[in-house]
Amino acid sequence: MSISSEHKPLGKQVTGSLHTLSPIVELNVGGEMYTTTLSTLKKHPGSKLAEMFTGQPKLRTDSEGRFFIDRPGTYFKYILEYLRSNQVPTQCIQDVYKEALFYDIEPLIKQLEDSPQIFGEIVARRQFLARVPNYSENIELMIRIARAEAVASRQSSVIVCVVRTEEDAARCQDALNSLDMDKKSVVKFGPWKAVPSISDLLDCIQMDVEAKGYKISFQPHVAEKGFRFKSHDFFYKFLFTWW
């Protein structure tokens, strides 16, 4: 790419107009190098990516004069392939979707949202979890409790109470009152008004905790002697394994 010397120092912002540059553009995206054309990058005028290369330059360059974008370079190849040939990626769908959102490439976003992976996550799973009160907060609470109990241990456990209906919530509270332990350490999920079952919610909890990098499993909680209810109706033990 033909670039004057003032563009080359590391971290310097490009001056002048992009219209004076060669139509061939070299990019450094998170350490991955790409070569393409201005017309490809500006294919969708309303996108954030097109705006980066329209009018007054808004990007910095690396030490070799390549335009630098501080995003994961691995997935940019899928973005670039779509811009070149309208080919919707079939790999790394979740990660490419995040990048499509960042670059605001609306046609690609819509097509990815029609894929089974994104459709299932956004339309089905997220919509369900949005109906479970305090779901995200409870996930974080589980992790805090597990970490607090992990001192000098290979594993730590968190007791979770899962109730689907208001009636079950009342019964669960009665069970909690008879539970011989610190009730603050029991994390309660539900009730909710949606089709998915308790087992579906348990799978979601495991999936989202594992997505944060933790190794976790769960099983019905077996109550201690004297417990007045069938504990497996509501209570589950989530086991965090640390090493």
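- Side-chain contact check for Q94 versus I118: some heavy-atom pair is nearer than 4.5 Å.
- Looking at residues two or more places apart in sequence or on another chain, you find a disulfide bond (SG atoms under 2.5 Å apart) between C172 and C161.
- The nearest pair of heavy atoms linking K98 to R71 is O-NH2, 4.2 Å.
- Around CG of D70, the count of heavy atoms belonging to other residues, nucleotides or ligands within 6.0 Å does not exceed 12.
- By the ring pair (Phe, Tyr, Trp, His ring centres under 6.0 Å) test, Y135 pairs with F189, sequence neighbours left out.
- Pairs of residues two or more places apart, or lying in two chains, never qualify as side chain to side chain donor-acceptor pair (under 3.5 Å) while including a residue from residues 100-109.
- Under the 4.0 Å criterion applied to side-chain N and carboxylate O atoms, R125 and D208 are assigned as salt-bridge partners.
- Heavy atoms from other residues, nucleotides or ligands lying under 6.0 Å from CD of E137 number more than 12.
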**Request:** Start with the C-alpha gap between K42 and T54, add the side-chain angles, then the distance that decides, and say whether side-chain contact (heavy atoms from CB on, under 4.5 Å) holds.
**Result:** CA-CA 8 Å; K42 297 164 66 175; T54 300; 3.6 Å; yes
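- Residues meeting the ring pair (Phe, Tyr, Trp, His ring centres under 6.0 Å) test with Y75, sequence neighbours left out: none.
- A 4.5 Å side-chain heavy-atom check between K188 and V163 finds at least one atom pair inside the cut-off.
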**Request:** Dump the intermediate steps for side-chain contact (heavy atoms from CB on, under 4.5 Å) on Y78 and I93, then the final yes or no.
**Result:** CA-CA 10 Å; Y78 300 109; I93 299 297; over 6 Å; no
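- Transitive grouping of hydrophobic side chains (ILVMFWY, heavy atoms separated by less than 4.5 Å) brings I216 and W243 into a common cluster.
- Within the model, atoms OG of S185 and CE of M142 stand 12.0 Å from one another, a figure rounded to the nearest 0.5 Å.
- Inter-residue side-chain proximity for F68 and L59 is flagged as unmet; no heavy-atom pair is nearer than 4.5 Å.
- Judged by distance alone, with hydrogens and angles left aside, the side-chain atoms of D62 form a donor-acceptor pair with the main-chain N or O of R66 at under 3.5 Å.
- When the options F235, F240, F238 are evaluated for a ring-ring contact (aromatic ring centres under 6.0 Å, His included) with F218, the one that passes is F238.
- The structure places CZ of R84 at 9.0 Å from CG of L41, a figure rounded to the nearest 0.5 Å.
- Side-chain N/O atoms of Q111 and S115 include no donor and acceptor closer than 3.5 Å.
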Can I get a per-line list of side-chain donor-acceptor pairs under 3.5 Å for residues 143-153, giving both atom names and the distance, sequence neighbours left out?
unit_1	atom_1	unit_2	atom_2	d
R147	NH1	Y214	OH	3.2
S153	OG	V151	O	3.1

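- Of all heavy-atom pairs between N138 and P133, the closest is ND2-O, 3.9 Å.
- Side-chain contact between F102 and K48 is present, with at least one heavy-atom pair separated by less than 4.5 Å.
- Here the CD1 atom belonging to I24 is positioned 8.5 Å from the CG atom belonging to L38, to the nearest 0.5 angstrom.
- Taking each heavy atom of P191 and R164 in turn, the nearest pair found is CB-O, 3.3 Å.
- When the shell of 6.0 Å around NZ of K43 is examined, it contains more than 12 heavy atoms from other residues, nucleotides or ligands.
- Scanning all heavy atoms of the two residues, the minimum distance from I109 to A100 falls at CD1-O, 3.5 Å.
- Put simply, the side chain of Y97 reaches to within 4.5 Å of the side chain of I122, judged on heavy atoms.
- Separating the CD1 atom in I198 from the OH atom in Y236 is a distance of 5.0 Å, to the nearest 0.5 Å.
- T35 and E26 are not linked by any side-chain donor-acceptor pair at a separation below 3.5 angstrom, with hydrogens and angles left out of the test.
- What you find for T165 and D168 is that their closest heavy atoms are OG1-N, 3.0 Å.
- Cluster membership check: M207 does not share its hydrophobic cluster with I139, using side-chain heavy-atom separations under 4.5 Å among Ile, Leu, Val, Met, Phe, Trp and Tyr.
- The salt bridge (charged side-chain N to carboxylate O under 4.0 Å, His left out) search around E140 returns K212, not counting sequence neighbours.
- Crowding of R131 atom CZ: a count of heavy atoms from other residues, nucleotides or ligands under 6.0 Å not exceeding 12.
- You'll find the side chain of I105 reaches within 4.5 Å of the side chain of L83, heavy atoms only.
- Annotation: side chain of P89 is in contact with side chain of L108 (closest heavy-atom distance under 4.5 Å).
- When all heavy atoms are compared, the tightest approach of M52 to I69 is SD-CD1, 4.1 Å.
- The backbone N or O of P72 lies less than 3.5 Å from no partner atom in the side chain of E32, so there is not a single donor-acceptor pair.
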**Prompt:** For W192 and L129, what are the C-alpha separation, side-chain angles and deciding distance, and is it a side-chain contact (heavy atoms from CB on, under 4.5 Å)?
**Reply:** CA-CA 9 Å; W192 64 87; L129 295 178; over 6 Å; no
**From CA spacing to verdict: side-chain contact (heavy atoms from CB on, under 4.5 Å), V160, V186** = CA-CA 6 Å; V160 168; V186 178; over 6 Å; no
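- Hydrophobic clustering of Ile, Leu, Val, Met, Phe, Trp and Tyr side chains at less than 4.5 Å, counting indirect connections, keeps L239 apart from W242.
- Atom CD1 of I79 sits about 11.5 Å away from atom CD of E81, to the nearest 0.5 Å.
- Inter-residue side-chain proximity for K77 and L80 is flagged as unmet; no heavy-atom pair is nearer than 4.5 Å.
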